[in-house]
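Convention: sequence-line order gives letters A, B, ...; per-chain numbering from 1.
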Protein chains: 2
Amino acid sequence: MTNNIRVERAIKNITQAELAELIGVSRQTINTIESNRYVPSTILALKIARVFNKPVEEIFKLEKED
Amino acid sequence: MTNNIRVERAIKNITQAELAELIGVSRQTINTIESNRYVPSTILALKIARVFNKPVEEIFKLEKED
DNA sequence: CAAAAATGTAAAACATACTTTACATTTGGT
DNA sequence: ACCAAATGTAAAGTATGTTTTACATTTTTG
C-alpha cells in the first residue's frame, strides 16, 4: 500500500507533528506511515482522510502485492 | 468504529466465508471485524470496500470515542 | 423435524501497529 | 555559515490485529 500523506500535508502546509496532534498519535506514527513502514489501522486512515477532506481511497492506494 | 459489513453482505448475498475468500483472510477475521471486536488494517478496509463497490467511509464509520 | 450451512466465540500463537525516548540528518530562514 | 525547525531512523516495550483450530449455537433448506 502507498499513500499521499506527504503531498496532502504540503497542500495544507502542516508538519508531521501538527498532523500527529490533529489526529492524536505520535509524530513517529505519522512518519512511519508516510515512509510506508507500516500500515495504519482503519481508524487512523479515516482520521487522516478527514483532516484532508478526501476519501480514504484518494490517500491510501492498494498495490498488486497487497 | 462501526461497520456495515453485515448489511453489505446481505445486499450482495454472500457469506462470511465467501467474503473472507474474496479478500484472502480467514473467516474469523471477517467475523470479528463484523462483530466490532477489532479494527482492521487499512489494507483490509480498502479490500472490503472494493468488494462492495463503496467508499471506505460508507462501510466504516468513526465514533466519538475513536 | 432433521441435516446442512452459516455464524458466534474462545484460546494460543504469531505478526504487526503504536508509543516513548533519543539522537542524527536535512531543510529553511536570517 | 549559523540556528532553529522539520524530518529520518532505531530500539525497547506495550497493545492490538490475524491465523489456526476447534466447538457450540443459530439459521436455512429439504
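Nearest-nucleotide positions on DNA chain D for A:E18 and B:I33 put A:E18 closer to the 5' end. Nearest-nucleotide positions on DNA chain C for B:A17 and A:T32 put B:A17 closer to the 5' end.
Counting non-hydrogen atoms under 4.0 angstrom, B:T15 reaches the backbone sugars and phosphates but no base.
Which of C:dT19, D:dG17, D:dG8 sits closest to the side chain of B:Y38 comes down to D:dG17. Side-chain atoms of B:V39 lie closest to D:dG17 of the nucleotides D:dG8, D:dG17, C:dT9.
Computed from coordinates, the A:D66 CG to C:dT16 P distance equals 13 Å when rounded to whole Å. The CZ-P distance, from B:R37 to D:dT18, rounds to 14 Å in whole Å. Rounded to an integer number of Å, the gap from A:I14 CD1 to D:dA5 C1' is 16 Å. Separating the CG atom of B:N36 from the P atom of D:dT18 is a distance of 14 Å, rounded to the nearest angstrom. For the pair A:N3 CG and C:dA17 P, the computed distance is 13 Å after rounding to whole Å. Atoms CD (B:E21) and P (C:dA6) sit 12 Å apart, rounded to a whole Å. Computed from coordinates, the A:L19 CG to D:dG8 P distance equals 13 Å when rounded to whole Å. Summarising the geometry, the separation between CD1 on B:I30 and C1' on C:dG8 is reported as 15 Å, rounded to the nearest angstrom.
Hydrophobic clustering keeps B:I11 apart from B:I33 (ILVMFWY residues linked when any side-chain heavy atoms are closer than 4.5 Å, directly or through intermediates). Clustering ILVMFWY residues whenever any of their side-chain heavy atoms sit less than 4.5 angstrom apart, transitively, puts B:I5 in the very cluster that holds B:Y38. In the hydrophobic cluster analysis, where Ile, Leu, Val, Met, Phe, Trp and Tyr join through side-chain heavy atoms closer than 4.5 angstrom, B:V39 is grouped together with B:L62.
Taking 4.5 Å as the limit, some side-chain heavy atom of A:I48 sits within range of a side-chain heavy atom of A:F60. The side-chain heavy atoms of A:I43 and A:K47, taken from C-beta on, include a pair separated by under 4.5 Å.
A salt bridge (Lys or Arg N to Asp or Glu O under 4.0 Å) check over residues 54-66 of chain A, counting only residues at least two apart or in different chains, returns the pairs A:E8-A:K54.
Of all heavy-atom pairs spanning B:A45 and A:T42, the tightest one is CB-OG1, 3.3 Å. Between A:K12 and A:F52, the shortest heavy-atom contact is CD-CD2, 3.7 Å. The minimum heavy-atom distance linking B:A49 with B:P55 is given by the pair CB-C, 4.1 Å.
Rounded to 10 degrees, the angle separating the terminal helix axes of the helix from C:dC1-D:dG30 to C:dT30-D:dA1, each built from five base pairs, is 70°.
Residues that satisfy the side-chain hydrogen bond (donor to acceptor under 3.5 Å, both in side chains) test with A:N3, not counting sequence neighbours, are A:N36.
DNA chain D lies under 4.0 Å from at least one heavy atom of each of the following residues of residues 40-62 of chain B: B:P40, B:S41, B:L44.
Of the inter-residue distances, the one linking B:S41 atom OG with A:L44 atom CG reads 11.5 Å to the nearest 0.5 angstrom.
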Without placing hydrogens or testing angles, list every side-chain donor-acceptor pair under 3.5 Å for residues 14-23 of chain B, not counting sequence neighbours.
from, atom 1, to, atom 2, distance (Å)
B:T15, OG1, B:A17, N, 3.4
B:T15, OG1, B:E18, N, 3.0
B:Q16, OE1, B:N31, ND2, 3.0
B:Q16, NE2, B:E34, OE2, 3.4
B:E18, OE1, B:T15, N, 2.9

Kindly give the atom pairs (protein nitrogen or oxygen, nucleotide nitrogen or oxygen) under 3.5 Å for nucleotides 21-28 of chain D.
from, atom 1, to, atom 2, distance (Å)
D:dT21, O4, B:Q28, NE2, 2.9
D:dA22, N6, B:Q28, NE2, 3.1

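Between B:N31 and the phosphate of C:dT7, there is no side-chain N or O to OP1/OP2 separation shorter than 4.0 Å. Under 4.0 angstrom from either OP1 or OP2 of C:dC18 there lies no side-chain N or O belonging to A:T29.
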